[in-house]
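Per chain, numbering begins at 1; letters A, B, ... match sequence-line order.
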There are 2 protein chains.
Amino acid sequence: MVRLSRLLPDGRRHVMGFAMVGDFLGLALPERYNVTVEALSPTALCRFERRPFANLVAGKPHLLRKLHERAGYELTLAQDHMTLLGRRTAEEKVASFLLTMRDRYALVGQGSVTVALPMGRQDIADHLGLTIETVSRLLTRLDREKALLIVPGGVRLTNLDRLENLAAA
Amino acid sequence: MVRLSRLLPDGRRHVMGFAMVGDFLGLALPERYNVTVEALSPTALCRFERRPFANLVAGKPHLLRKLHERAGYELTLAQDHMTLLGRRTAEEKVASFLLTMRDRYALVGQGSVTVALPMGRQDIADHLGLTIETVSRLLTRLDREKALLIVPGGVRLTNLDRLENLAAA
DNA sequence: CGTGCGTTTGAGCTAATTCAATAGGAGTGG
DNA sequence: CCACTCCTATTGAATTAGCTCAAACGCACG
């Protein structure tokens, strides 16, 4: 898994998201990116040179169509995340994040009630617009309330109903 | 100008953005939208039926390419807004919003230091992840500090440096 | 058995919210 | 032209969710 992040001039950091196996980075294709990508776990990736890739796409309408579909999907995800950032409480953010991760693992055949979290607490905080302390506190609280179990390297979601209730969009 | 918004099940509202003359809605093209679009000022718009439009695009790679470019642009805007929502203070949000509006007017030849705000304070609040009171208070404060002047239907940005400083990304 | 780094926990603080009251127009009718 | 209503915006006071600062914990690694 890799982390996509940006650093604000004053040192604050925004983690735009996490990419996993199968994800395509660079859909937006702007002239110049301003994103830092860092591996959180051993990662194999496939790199396309900008120019040749643009040429390839130009000759393959099907491919372009797929890319556009994908970009549209990313856009709706981005919109959902905006709603999350702007209008939800810390607890809802954390619950929602965990469920999103679970769903994404499920999509690549890693479906399980145990969710690996290769990113650190600070990464989660910077992704959800919270502080590391708040993330840590909420995870311990959800653990105490038996909504989940904190395990090494991740969490086990022991009460999906409760979490889904919190995350309800 | 039109307002794009979504209602959360519990009544909270998220204003995803505002579209102005020249903007294209529906780039993401998902099967089903979940967005409410409402006019804030007299608006003329051009509607394409989904099916015929998809067919048209299928036959015009150039067009698809333009749409994809545009979607990529929207995606970067969405990412910027996420950073805004997650990692900036209320004052920074408001300053940034006003400057963004000014820039968008400029792009369509309406460049001026006076920025029309056809949306209400509540709309701005729901867009920035704030409350109406906070938006109102900050606008009055920026007015008192001579960074801007509140005028009927909008604001006049009297100290761009100050605002740009606040919005600095 | 230390050392270093990420996480957890505690205590106090503050930016923004909530709750509540007031003020400012725009539109309507007498 | 004034009185009244409605709706949005502003202002004030009190509250709080989440932050900041600081300390302790846990564990992997040498």
List every contact pair, protein side and nucleotides 19-25 of chain D side both N or O, where the distance is under 3.5 Å.
residue: D:dC19; atom: OP2; partner: A:Thr131; partner atom: N; Å: 3.3
residue: D:dC19; atom: OP2; partner: A:Thr131; partner atom: OG1; Å: 3.1
residue: D:dC19; atom: OP2; partner: A:Thr134; partner atom: OG1; Å: 2.4
residue: D:dT20; atom: O4; partner: A:Arg137; partner atom: NH2; Å: 3.0
residue: D:dC21; atom: N4; partner: A:Glu133; partner atom: OE2; Å: 2.9

Any heavy-atom pair between the side chains of [Y] and [X] that's under 4.5 Å?
X        : Y        : result
B:Arg70  : B:Asp23  : yes
B:Leu160 : B:Leu99  : yes
B:His81  : B:Thr100 : no

Quickly work out the [X] [atom1] to [N] [atom2] distance and round it to whole Å.
X        : N      : atom1 : atom2 : value
A:Leu117 : C:dT7  : CG    : P     : 10 Å
A:Arg141 : C:dT7  : CZ    : C1'   : 18 Å
A:Leu139 : C:dT8  : CG    : P     : 7 Å
B:Asp143 : D:dT10 : CG    : P     : 10 Å

Could you measure the distance from the [atom1] atom of [X] to the [atom2] atom of [Y]? Nearest 0.5 Å is fine.
X        : Y        : atom1 : atom2 : answer
B:Ser96  : B:Leu128 : OG    : CG    : 8.0 Å
B:Leu98  : B:Leu117 : CG    : CG    : 6.5 Å
B:Leu142 : B:Ile150 : CG    : CD1   : 8.5 Å

Could you write out each protein N or O paired with an N or O of nucleotides 6-8 of chain D at a distance under 3.5 Å?
none

Angle by which the axis turns from one end of the helix from C:dC1-D:dG30 to C:dG30-D:dC1 to the other, five pairs per end, to 10 degrees:
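Both end axes considered, the difference amounts to 30°.
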Aromatic plane relationship, B:His127 with B:Phe18 - under 30° parallel, 30 to 60° tilted, over 60° perpendicular:
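Taking B:His127 first and then B:Phe18, their aromatic rings stand perpendicular (interplane angle over 60°).
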If Ile, Leu, Val, Met, Phe, Trp and Tyr residues are connected whenever their side-chain heavy atoms lie under 4.5 Å apart, and connections chain through other members, are A:Val94 and A:Val115 in the same group?
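A:Val94 clusters together with A:Val115.
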Looking at A:Arg13, is its backbone amide N or carbonyl O close enough to the side chain of B:Arg87 to form a donor-acceptor pair, meaning the two atoms are under 3.5 Å apart?
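Here the side-chain-to-backbone pair exists.
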Write down the atom of B:Leu85, the atom of B:His14, and the distance for their closest heavy-atom approach.
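Looking at all heavy atoms of both residues, the closest pair is CD1-CE1, 4.4 Å.
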Regarding A:Thr140, tell me which of base, sugar-phosphate or nothing describes its non-hydrogen contacts under 4.0 Å with the strands shown.
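Here A:Thr140 touches the backbone only, sparing every base.
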